[in-house]
Amino acid sequence: MELALDAVEARHPAARPGHAPALRGLTLRLGAGEAAAVIGPSGAGKTTLLHVAAAALPPSGGTLALGGQAPWALSPRALRALRGQLFLAPQVPPLPPRQRVVTAVLAARLPSLGLARSLRSLFYPDDIPGAWAALERFDLGDKLFERVDRLSGGERQRVGLARALLSPASLWLVDEPLSALDPTRAAQAVSALVDGARERGATLLATLHQVDVALAHFPRIIGLRDGALAFDLPAAQVTPERLRALYAQHEHELLGAPPVAEAPAATAAPAVMHCR
Ligand SMILES: Nc1ncnc2c1ncn2[C@@H]1O[C@H](COP(=O)(O)OP(=O)(O)OP(=O)(O)O)[C@@H](O)[C@H]1O
């Protein structure tokens, strides 16, 4: 799906009225099937951009078009149908803690199922091999029947990404997909995401703090600073000088935080044994 923003102004979803806009006249186009990473210092407006692109946050100025449609001019029903073609992955995926991983992953298909099949799928997962294959791309095949609340933060984040592979969406908007992953897992997860989007012909826009990962895996890099476009370039043309200018006064973010080890899975409560 094609994504087009023209001179978009927007406030962060949690900002009070009167707060300075998080996006200031942003113009951006992504063709169908393109993949791009958005980088920039903290507070640059990356998350706000994804919320606007997901038709979750109406711009306060400018225009948004998704597949040639202006979402905020559609009827509620048509807007719902359009949102069914979008996949927004927040940093912390909203996975019901008591659900099995298989059910949580297959829930990504709900927008393409009717009500009866949706309800049935909550009790009887209907494509266990499909769920396993998506999880396995993120090295999580063995967690298929695990409960979500028994997963580490990094595993949950990867389950959230595996949902993209099953969703019927043609525009994937992924916010900081690697924040809970160690460097090896991060590289593997971003490869699975980029490859998965390419195989499905989906457009992918992901925000990333790890600049080196963005440059290594995405063909196009969008630099955002103070809600405006700093550059929009093929990865090979993003020079150290451009990065230094993008992250000026935020150099610690460019150098990167020390690798984060995945938090250990919550240990199951010990089973009570009754001996007679
Ligand atoms: N919870 C909040 N309440 C009010 N305003 C906020 C809030 N979070 C962010 N903002 C405002 O919106 C601007 C853009 O924030 P946004 O989260 O989109 O940036 P970001 O680039 O995604 O940052 P980060 O990399 O830290 O997640 C911020 O500079 C701030 O002014």
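Both ligands and their constituent atoms are indexed starting at 1 by order of listing. Model, not experiment: these values are computed from the prediction.
No donor-acceptor pair closer than 3.5 Å links the side chain of K46 to the backbone N or O of V38. Under the 3.5 Å distance criterion, the side-chain polar atoms of R24 are matched with a main-chain donor or acceptor of D226.
Across all non-hydrogen atoms, the minimal contact from L165 to A134 is CD1-O, 3.8 Å.
Listed by chain and number, the residues in a side-chain hydrogen bond (donor to acceptor under 3.5 Å, both in side chains) with R147 are D149 (sequence neighbours excluded). Residues meeting the side-chain hydrogen bond (donor to acceptor under 3.5 Å, both in side chains) test with Q237, sequence neighbours left out: none.
For the salt bridge (charged side-chain N to carboxylate O under 4.0 Å, His left out) condition, the pairs that include at least one residue of residues 228-237, sequence neighbours left out, are R220-D232.
Protein residues with a heavy atom closer than 4.0 Å to ligand 1 are H12, A14, A15, H19, A22, P41, S42, G43, A44, G45, K46, T47, T48, H209, listed by chain and number.
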